[in-house]
Amino acid sequence: MELRVVCCVLLTCLFYTSSADKDFFTSIGQMTDLLYTEKDLVTSLKDYIRAEEDKLEQVKKWAEKLDVLSATATQDPEGFLGHPVNAFKLMKRLNTEWGELESLVLKDMSDGFISNLTIQRQYFPNDDDQTGAAKALLRLQDTYRLDTHTISSGELPGTNKDVAMSPMTVEDCFELGKIAYSDADYYHTELWMEQALKQLDGGEESSVDMVTILDYLSYSIYQQGELERALDYTKRLLKLDSAHQRANGNLKYFEYQLAKQNKVEAEESQKEKEKREREKREASDKKGRPADYLPERRKYEELCRGEGIKMTPRRQSRMFCRYSDNNRHPLYVLGPVKQEDEWDRPRIIRYHDILSNSEIEKVKELAKPRLRRATISNPITGVLETAHYRISKSAWLTAYEDPVVDKINQRIEDITGLNVKTAEELQVANYGVGGQYEPHFDFGRKDEPDAFKELGTGNRIATWLIYMSDVPSGGATVFTDVGAAVWPKKGSAVFWYNLFASGEGDYSTRHAACPVLVGNKWVSNKWMHERGQEFRRRCTLNESE
């Protein structure tokens with residue numbers, strides 16, 4: 001057992017180096033460490049169970065032996081003790097052996113397991129991680145228009161049937177509803193409390209009772225203005241617990257409000273009725289939308305689902321695939337690169353087979369220990385901070401730390417023709433549960449004059465984005481302004497200019513990373529800057545060229 005504790009300490013030290021930064025839910029890559037931690041704890045738990053079973057087996061054997069002995073001895077106590085050996089052994093048993101048995105029974109076999117658990121718990125996900133993962137599920141539900149049963153059963157689009165998956169329990173559904181409730185998100189509270197109720201009605205055993213679920217459900221429905229349904233659920237609750245104080249109070253209040261509402265409706269004119277019905281429909285259309293919902297959000301979510309992509313036949317006729325030698329670059333004359341047009345304006349080009357599997361694995365190996373929660377620059381304060389709309393972890397790799405990184409940088413320069421010496425370091429990102437990055441620009445706008453001032457290399461002229469994994473479902477890069485969507489393909493890279501040749505920002509490059517529904521999304525990107533490109537991409541006076 002002592003050896004297990006030592007091993008645990010060593011494992012923990014290794015684990016600590018990869019998890020000094022929490023926010024586990026923001027990186028699937030780092031969450032894999034948690035699976036191995038849990039596996040180690042299960043092994044430790046089994047060791048504890050075996051130790052307890054061995055102890056009980058010893059106690060059981062002792063009890064069986066004494067049961068036979070005492071049964072024989074009590075048939076003729078005087079005759080039994082008349083034998084001096086029996087008398088001696090009785091004294092010995094009561095004075096020594098019962099004491100030893102007491103020590104055995106009192107011996108705590110859980111020390112090794114508790115030590116292991118206590119050490120590992122320091123690096124467990126916290127409440128923020130659990131809440132973050134729960135909100136990610138709600139985000140996926142909204143973006144991809146999934147019903148609660150689909151999520152609860154685990155039957156998501158793109159799911160590999162060979163991958164083990166345990167369905168959500170009543171407790172899981174209830175927990176999602178509670179987290180939504182704590183954010184005053186009554187729409188999702190209703191959805192997940194109803195799912196918990198369905199599973200409970202279906203006969204699933206649970207530690208969560210129906211009364212508690214109905215209490216949350218009726219109130220969340222009331223908060224959305226549906227008095228009649230709230231009243232029905234309250235009555236159902238009171239059939240199960242007639243003394244429920246809050247439900248009895250709610251019953252009277254709901255009945256009063258409903259009577260008042262019916263009276264107003266009975267007295268209103270036809271015009272007022274039409275207005276009220278119109279307001280109801282508008283409210284229904286907006287149901288579930290967050291308070292900060294913008295029209296762009298709808299477009300973004302549509303594109304993520306593969307809807308609303310503006311690939312017309314005319315545009316399609318201008319899209320080509322080709323082998324390119326990059327203006328007769330010596331390296332690519334004999335081995336040209338595979339180019340594919342993804343979009344015309346802005347021009348988005350995909351380059352296939354840019355990274356090999358071994359290069360991808362090396363980049364991930366270098367980045368993983370350094371992954372930290374991705375940040376955004378606060379437009380007001382300029383301070384780097386985390387944001388709910390960017391769920392990923394990232395790390396920066398310099399050219400001198402490994403030949404693979406240097407080779408990738410050189411490859412980017414050879415293919416794009418842009419100077420990478422003034423570019424930012426290679427950024428590697430791994431997305432978490434429902435990982436996303438909502439619509440944004442890569443370049444600094446006119447209202448952000450100091451966006452890249454500390455770099456001294458001008459604005460971000462272009463973006464090079466490498467997909468380092470396939471994503472079974474979700475995870476597209478979408479351009480909300482033009483209705484374009486680019487789907488991840490392992491080993492390929494997409495390239496676009498953020499600035500026109502005049503140096504003006506191209507606002508049609510506003511883009512987003514869609515939530516990952518199923519899979520593990522790894523990307524790396526290189527942002528090239530203006531300085532050093534003076535003779536590689538010449539300026540024009542036309543602002544839109």
Side-chain angles (χ1 to χ4, degrees), residues 20-23 26-27 346 363 366-402 405-406 408-413 416-431 436-466 477 493-513 523-539 543:
D21 176 55
K22 289 245 182 165
D23 290 330
T26 63
S27 169
V363 169
L366 292 169
K368 195 172 178 182
R370 286 183 275 169
L371 289 174
R372 295 293 181 270
R373 176 78 184 266
T375 57
I376 55 99
S377 176
N378 186 305
I380 298 172
T381 64
V383 175
L384 292 176
E385 58 189 22
T386 60
H388 70 277
Y389 54 82
R390 189 178 190 186
I391 306 298
S392 64
K393 284 190 175 181
S394 60
W396 300 85
L397 303 182
T398 56
Y400 59 79
E401 62 188 287
D402 194 278
V405 181
D406 189 37
I408 291 170
N409 287 342
Q410 188 58 53
R411 194 174 300 159
I412 295 169
E413 179 165 319
T416 64
L418 296 175
N419 187 343
V420 297
K421 290 182 176 61
T422 56
E424 294 173 49
E425 304 296 356
L426 187 71
Q427 181 184 227
V428 181
N430 179 226
Y431 288 80
Q436 63 163 4
Y437 189 1
E438 289 186 7
H440 62 281
F441 297 103
D442 281 352
F443 64 90
R445 273 83 66 215
K446 288 182 178 179
D447 58 348
E448 302 171 304
D450 299 332
F452 307 108
K453 187 177 180 180
E454 71 281 3
L455 298 177
T457 52
N459 212 339
R460 286 174 175 168
I461 192 172
T463 295
W464 174 273
L465 175 64
I466 305 172
T477 305
V494 290
F495 173 77
W496 67 87
Y497 280 104
N498 296 305
L499 306 180
F500 291 115
S502 64
E504 291 296 315
D506 184 351
Y507 284 80
S508 68
T509 60
R510 186 167 173 81
H511 61 286
V523 298
S524 56
N525 62 275
K526 193 81 171 173
W527 283 304
M528 277 71 81
H529 284 246
E530 292 175 292
R531 301 293 176 268
Q533 320 304 342
E534 293 83 357
F535 298 102
R536 300 192 182 213
R537 193 196 190 210
R538 294 183 180 277
C539 296
E543 290 190 1

Could you check L426 against W396 for side chain to side chain contact (heavy atoms under 4.5 Å, CB included), going step by step and ending with a plain yes or no? CA-CA 6 Å; L426 187 71; W396 300 85; over 6 Å; no

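By the salt bridge (charged side-chain N to carboxylate O under 4.0 Å, His left out) test, R531 is found to be paired with no residue, residues two or more places apart in sequence or in another chain being considered. Remark: Q533 engages no residue in a side chain to side chain donor-acceptor pair (under 3.5 Å) (not counting sequence neighbours). Shown here are the side-chain contact (heavy atoms from CB on, under 4.5 Å) partners of S392, two or more places apart in sequence or in another chain: A374, R390, Y431. Under the ring pair (Phe, Tyr, Trp, His ring centres under 6.0 Å) criterion, W527 pairs with no residue, sequence neighbours left out. Residues meeting the side-chain contact (heavy atoms from CB on, under 4.5 Å) test with D406, sequence neighbours left out: A399. Scanning for side chain to side chain donor-acceptor pair (under 3.5 Å) contacts around N459 gives an empty result, with sequence neighbours left out. Listed by chain and number, the residues in a salt bridge (charged side-chain N to carboxylate O under 4.0 Å, His left out) with E425 amount to none (sequence neighbours excluded). With sequence neighbours left out, T477 forms a side chain to side chain donor-acceptor pair (under 3.5 Å) with Y467. Under the ring pair (Phe, Tyr, Trp, His ring centres under 6.0 Å) criterion, H511 pairs with H440, F479, W496, sequence neighbours left out. Shown here are the ring pair (Phe, Tyr, Trp, His ring centres under 6.0 Å) partners of F443, two or more places apart in sequence or in another chain: F441, Y507. With sequence neighbours excluded, the residues forming a salt bridge (charged side-chain N to carboxylate O under 4.0 Å, His left out) with E413 are R536, listed by chain and number. Every residue two or more places apart in sequence or in another chain was checked for a side chain to side chain donor-acceptor pair (under 3.5 Å) with S524, and none qualifies.
When side chains are defined from C-beta on, I461 does not count as touching H529, because their heavy atoms never get closer than 4.5 Å. E504 places none of its side-chain heavy atoms less than 4.5 Å from the side chain of L499. Looking at heavy atoms from C-beta onward, T398 lies out of side-chain contact with V405 at the 4.5 angstrom threshold. Between L418 and Y497 there is a side-chain heavy-atom pair separated by less than 4.5 Å.
Between atom CZ of residue R372 and atom NZ of residue K393 there is a gap of 7.5 Å, rounded to the nearest 0.5 Å. Remark: I408 CD1 to I466 CD1 distance equals 5.5 Å, nearest 0.5 Å. Rounded to the nearest 0.5 angstrom, L397 CG and K526 NZ are separated by 9.0 Å. Rounded to the nearest 0.5 angstrom, L465 CG and N525 CG are separated by 6.0 Å. With rounding to the nearest 0.5 Å, the separation of CG in L366 from CG in D402 is 5.0 Å.
Between P439 and A512 the shortest heavy-atom distance is N-CB, 3.4 Å. The two residues N419 and M528 come nearest to each other via the heavy atoms O-CG, 4.2 Å. In this structure, L371 and V428 approach most closely via the heavy-atom pair CD2-O, 4.1 Å. The shortest non-hydrogen separation linking G444 to A451 is CA-CB, 4.0 Å.
Looking at E401 and R370, a side-chain N of the basic residue comes within less than 4.0 Å of a carboxylate O on the acidic one, giving a salt bridge. Using a 4.0 Å cut-off between charged side-chain N and carboxylate O, R460 and E424 make a salt bridge.
Remark: side-chain polar atoms of E534 are paired, donor with acceptor, to backbone N or O of G532 under 3.5 angstrom.
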